[in-house]
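Reading through the structure tokens given below for one structure.
Keep in mind that what you see is a predicted model, and the values were worked out from it rather than measured. Atoms within each ligand, like the ligands themselves, are counted from 1 in listed order.
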Amino acid sequence: MSAPKVEPATEGRARGIALVRAVSIVSAADRGAFAAVVCLFAVSGLGVAGLVLIGNQLLHELIAQGGAADVSGRTWWLVAAAIGVAGAVSFAGAAGAGMHRLLAERTVRYCAEVILRLAGQVPLREFDSPAFHDKLQRATRTGVQSAIPIAMAVPQLLGALVGSAGLAVGLAVVSPWLVPITLLASVPLWLAGKSNSQEMYSFSFGNTPGDRARFHIEHLTNERKSAPEVRAYRLAPYLLRRWSTLYDERIEGISALVRRFVRRSAVGSLVGSVVLGGVILLVLHFVRRGDLTLGSAATACVAVLLLANRSQQAATSLAQTMEHGLHLQDFVELRDRVEHFERAGRIRRASHPAEVEPLARLVVGDVSFSYPSAARPALDQVSFDIAAGEVIAIVGHNGSGKTTLAKLLCGLYEPTDGAVHWNDRPMSELAGDGGLSEVGVVFQDFGRYWFSAADNIAVGDIERNLDRAAIEDSAEQAGADDFLRRLPDGFDTPLGMEVEGGADLSVGQWQRVAIARVLFRNASFIVLDEPTASLDAEAEAALFETIEGLRAGRTVVLISHRFSTVRSADRILVLHDGRLVENGSHDELMALDGRYRRMYQLQSSAYVDS
Ligand SMILES: Nc1ncnc2c1ncn2[C@@H]1O[C@H](COP(=O)(O)OP(=O)(O)OP(=O)(O)O)[C@@H](O)[C@H]1O
């Protein structure tokens, strides 16, 4: 089932909302800096209008004096006022530019933080949906990237509007008729800018999947994790070709847009200039008719040109702000969701204890689960229960649904049908969109954090972060203490070669750190998804001793393809194509002579000399 096609919203109302949205985001990022920048731009805009009016007075004063040697006191006052206002305009411009940088940085931070808060809270199932990734991509790349231009465009727009208003008042004092006609000159450019920004947004929206594919290739080429394979298969030229094709398509699309933009803007500028030429002719006409003095005509011409310039600036800033505001549509939707999650989280915390009771009984009742993009269910009417203290192994071929089941048991996915009950309470109600305090898990693809070795273990229960003795004890139980102590700074050594002074570990050593992490969590229910895949035989045996040692008061679910470790579990569940087909102890399943026995014999025969 393919995801419904999402269309960009660019109609008039959406553009109006986009404008409000852009203003609200910049002001939410830092109200103080926003107010200061707008005031500074307004002072600068009004100052220019003031200069025009002072200039007009000065001109009339000088003409009235007719070149007399003695300059009047009023003239000196006007000169002083002009110097003062010019100084204020220049200070406001410089200070505004400085504050602008701060506001831009705050806006980027605000947008990035919202996205971080969202990505850390959305239910795991969202990450299985391409539509969510498209949205996240647009919100991250375009939304955050738009933050700087928006932080620039919004105060500029408001400043240009105030400046235009001031100049319009100044011009109206000289000749009111000239104001509307001058403002008309900016309309063609505004129309051109509006169409341009609308097209640009639609293009960016439609190109999101292509952009994501391109970023994926950049990631593959730049990441240390994929670097060995890229070299072993000499993939770099191939990846570069794919990347180039994607980028060429983008550039081609943008080139076509730019050609249209230039044509539109040329027509807009031409029409605007003709209108402006008409205004100047009108001024000359007023002078001829004697309606305007020469001094007023000179002031009017300056005011007309300045007003045209400011209003065109306002029109361009308005179009840009709307375009960026449209880009922020996804961002704002995501921000609303963050608020929704945080509100829901507060409600949940208020109505349910954050900590759950230790596990007494876990019941999986008729559970089915389908991934959003998958044609058939990954789990199909699976039912079983687990009593406290049991060690349960889950086996099955690749893709049979083991990891999916593990995520459901941890409360990370909600079943599509059926329910998982933790001590008789629905897991989905308890877990919400996150994990439970009494659940610890090691996934196949566990996290490798660029933190110190100690912090890599402490993330298992971040509330106990400073409990160094417990961290070292967990490392010892997982067989990780020896090699961690031998690192240059012991447990304080950062893990990861990408970090300054960092040390890297082998895959098996990383796996032991991940196991130490779950042991540190000290949960009553532990899920281990392929915890021994990269462990040597000795470490694997040691881990199972640890698991045996952990049994008291703990329940363990172990997913493994290694039957040597599976056989000692209390009970073994066999999954096949998402269905639970066998459930019993090793001896019971061997006696059953079914799928488990065949898999076990296939693996054990590989070790027996023929
Ligand atoms: N995010 C996903 N979106 C769509 N389908 C998925 C997703 N993850 C897994 N699947 C599908 O769900 C089924 C079960 O996958 P799962 O990872 O649970 O299998 P598994 O038994 O853990 O496999 P393995 O032994 O290879 O780890 C597979 O058919 C897989 O293709």
Notebook entry, point to check: Which is closest to atom 1 (N) of ligand 1 in terms of heavy atoms, Val395, Leu379, Asp128, Leu124?
Noted result: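 Going through Val395, Leu379, Asp128, Leu124 one by one, Asp128 has the nearest heavy atom to atom 1 (N) of ligand 1.
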
Margin query: If you measure every N or O of Thr403 against every N or O of ligand 1, does any of those distances drop under 3.5 Å?
Written below: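 Checking ligand 1 against Thr403, an N or O pair does fall under 3.5 Å apart.
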
Next item on the list: May I ask you to check if ligand 1 and Ala374 share an N or O to N or O distance below 3.5 Å?
Entry: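 Min N/O separation from ligand 1 is not below 3.5 Å for Ala374.
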
Checklist line | Glu530 touching ligand 1 at heavy-atom level, < 4.0 angstrom | finding: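 No, Glu530 has no heavy atoms under 4.0 Å from ligand 1.
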
Next item on the list: Would you please determine whether Ser400 falls within less than 4.0 Å of ligand 1 on a heavy-atom basis?
Entry: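 Contact present.
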
Check: What's the shortest distance from atom 2 (C) of ligand 1 to any protein heavy atom, and which residue and atom give it?
Finding: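 Of every protein heavy atom, Tyr371 CD2, 3.4 Å lies nearest to atom 2 (C) of ligand 1.
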
Check: Closest non-hydrogen protein atom to atom 28 (C) of ligand 1, residue and atom name please, with distance?
Finding: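 Checking every protein heavy atom, the shortest distance to atom 28 (C) of ligand 1 gives Gly399 O, 3.6 Å.
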
Counting each atom of ligand 1 from 1 as listed, which ones have a heavy atom of [X] under 4.0 Å away?
X: Asn398; value: 23 (O), 24 (P), 25 (O), 26 (O)
X: Lys402; value: 18 (O), 19 (O), 20 (P), 21 (O), 22 (O), 23 (O), 24 (P), 25 (O)
X: Thr404; value: 14 (C), 15 (O), 16 (P), 18 (O)
X: Gln444; value: 27 (O)
X: His397; value: 21 (O)
X: His561; value: 25 (O)
X: Ala378; value: 12 (O), 13 (C)

Item checked: Leu589: which of Val566, Val395, Ile572 passes side-chain contact (heavy atoms from CB on, under 4.5 Å) ->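 For Leu589, the side-chain contact (heavy atoms from CB on, under 4.5 Å) check succeeds only for Ile572.
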
Notebook entry, point to check: For atom 31 (O) of ligand 1, is the nearest protein heavy atom closer than 4.0 Å?
Noted result: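 Within 4.0 Å: no protein heavy atom nearby.
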
Note to self: Could you check whether atom 14 (C) of ligand 1 has a protein contact, counting only heavy atoms that fall below 4.0 angstrom?
What the structure shows: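 Answer yes: something from the protein, a heavy atom, is under 4.0 Å.
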
Check: Sequence neighbours excluded, which residues qualify as salt bridge (Lys or Arg N to Asp or Glu O under 4.0 Å) partners of Asp482?
Finding: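 Asp482 satisfies salt bridge (Lys or Arg N to Asp or Glu O under 4.0 Å) with no residue once adjacent residues are dropped.
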
Mark yes or no for whether [X], through its side chain, and [Y], through its backbone, hold a donor-acceptor pair below 3.5 Å.
X: Trp510; Y: Asp504; result: no
X: Arg517; Y: Asn456; result: yes
X: Glu438; Y: Ser524; result: yes
X: Glu530; Y: Thr403; result: no

Next item on the list: Using side chain to side chain donor-acceptor pair (under 3.5 Å) as the criterion, list what pairs up with Asp366, not counting sequence neighbours.
Entry: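 If we apply the side chain to side chain donor-acceptor pair (under 3.5 Å) test to Asp366, skipping adjacent residues, there are no hits.
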
Checklist line | Electrostatic pair Asp211:Arg214 at N-O distance under 4.0 angstrom | finding: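 The answer is yes: the pair qualifies as a salt bridge.
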
Next item on the list: Fit a plane to each ring of Tyr596 and Phe563, take the angle between them on a 0 to 90° scale, and name the class: parallel (under 30°), tilted (30 to 60°) or perpendicular (over 60°).
Entry: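 Because their plane-to-plane angle lies in the 30° to 60° range, the rings of Tyr596 and Phe563 count as tilted.
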
Notebook entry, point to check: What's the spacing between Phe446 CZ and Ile515 CD1 if we round to 0.5 Å?
Noted result: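 Here the interatomic distance stands at 8.0 Å.
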
